[in-house]
Amino acid sequence: MASTALPLLLLLLPFVLFSQTLAQTSINITGILAEGGQFSTFLRLLGESNLISQLENQLDNSHEGMTILAPSDNGFNALKSGTLNSLNDQQKSQLLLFHVLSKFYTVTDLQTVSNPTRTLAGDWGLNFTGQPNSNQVNVSTGVVTVEINNKLREKSPLGVYVVDQVLLPDALFGKHAGVPPPRAPGPRTDNSPDEGTAPESDAANPASDETDGGVRNGVGLGLVLGIGLIAISLIF
């Protein structure tokens, strides 16, 4: 019996080791943020946008790792009223992904990283600058600049760092964000007045041909009657 069980255990051993390795490398982003105790709004928005599972799957399958700049609840509370409600679902997802870098960075790495650093929001990048004689790093979006002031996790393949402001991308909240393009002129017709020219009133229009014709006919009839009366007076 023992001789039969031993080959079976040897056969199952690779699967057991693989399962243990998978469990060790799978990282619970929700658990890390929840343990931080001040990221309830960030977690709620990630959940509503269905991004948590997407980020965890990407992290599990990435060779580069990931870095999350997690805005605190105080950061969200500092936003102007209606800021989040002004965004549609796609824009909210982009805003959240703007806080995620597609590579693992330590804080020291961020002091010398090439700018702009690409985020999971696509072409929207972040700029990092190190403070002289300090381990502190500032991150700028073009709209806000905030200091990275705490580490929730700094271990490959995931870095999670705290920011006390929401990182507002210039594409959504910059000077020219949300300005609609100039409206194209509507189709013109032959009877449409030129743009900027007021339509002429009836008083400014010349008299019609019909009116002129009536006047000329009245003058001609009066002339004939006058000649006729003169001729009758001469006869009598």
Side-chain angles (χ1 to χ4, degrees), residues 26-105 110 113-128 137-148 152-153 157-184 186:
S26 191
I27 297 176
N28 186 348
I29 295 176
T30 299
I32 294 172
L33 292 172
E35 188 176 353
Q38 53 178 331
F39 307 98
S40 59
T41 304
F42 190 44
L43 276 170
R44 175 177 60 80
L45 293 174
L46 287 173
E48 292 175 352
S49 301
N50 298 316
L51 291 177
I52 283 289
S53 58
Q54 174 184 327
L55 293 177
E56 290 180 343
N57 288 336
Q58 181 168 340
L59 181 60
D60 288 341
N61 295 284
S62 172
H63 299 293
E64 298 288 335
M66 183 180 294
T67 302
I68 299 176
L69 304 175
S72 64
D73 290 335
N74 289 336
F76 280 101
N77 292 335
L79 292 175
K80 292 182 180 179
S81 178
T83 297
L84 295 179
N85 291 334
S86 68
L87 304 178
N88 58 37
D89 291 342
Q90 180 181 357
Q91 291 171 331
K92 286 181 181 178
S93 295
Q94 288 178 304
L95 173 63
L96 296 172
L97 292 175
F98 189 56
H99 292 73
V100 184
L101 310 179
S102 57
K103 184 178 179 180
F104 167 71
Y105 294 99
L110 293 176
V113 73
S114 297
N115 290 318
T117 303
R118 189 177 180 85
T119 69
L120 292 188
D123 293 333
W124 300 355
L126 293 169
N127 294 307
F128 295 89
V137 180
N138 288 341
V139 54
S140 176
T141 71
V143 178
V144 298
T145 299
V146 59
E147 182 181 286
I148 296 175
L152 293 182
R153 176 190 169 98
L158 177 66
V160 183
Y161 310 121
V162 183
V163 288
D164 282 334
Q165 293 186 48
V166 178
L167 303 179
L168 303 177
D170 184 69
L172 290 179
F173 300 96
K175 182 178 180 181
H176 301 293
V179 178
R183 187 175 61 180

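For this chain, numbers begin at 1 and follow the sequence in order.
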Is [X] atom [atom1] crowded by more than 12 heavy atoms from other residues, nucleotides or ligands, each under 6.0 Å away?
X      : atom1 : result
Glu48  : CD    : yes
Lys92  : NZ    : yes
Asn77  : CG    : yes
Asp123 : CG    : no

Under 3.5 Å: donor-acceptor pair, side chain of [X], backbone of [Y]:
X      : Y      : result
Thr119 : His99  : no
Thr117 : Ser114 : yes
Thr67  : Tyr105 : yes
Arg153 : Leu158 : yes
Gln91  : Asn88  : yes
Asp73  : Thr41  : yes

Decide yes or no for Leu110 and Tyr161: does some side-chain heavy atom of the first lie under 4.5 Å from some side-chain heavy atom of the second?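 When only atoms from C-beta onward are counted, Tyr161 and Leu110 do touch, with a gap below 4.5 Å.
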Is there a side-chain contact between Phe128 and Leu69, using heavy atoms and a 4.5 Å cut-off?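 Yes, their side chains come closer than 4.5 Å.
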Can you name the nearest heavy-atom pair linking Gly159 to Phe104, along with the distance?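 Distance-wise, the nearest heavy atoms are N-CD1, 3.4 Å.
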Do Ser140 and Asn127 meet the criterion of a side-chain donor-acceptor pair at a distance under 3.5 Å?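 No, no side-chain donor-acceptor contact under 3.5 Å.
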Exercise: do Asn138 and Thr145 side chains pair donor with acceptor under 3.5 Å: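 Checked: Asn138/Thr145 side chains show no N/O donor-acceptor pair below 3.5 Å.
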Quick one: pull up OG1 in Thr30 and CD in Glu56 and give me the separation to the nearest 0.5 Å.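 So the OG1 of Thr30 and the CD of Glu56 are separated by 5.0 Å.
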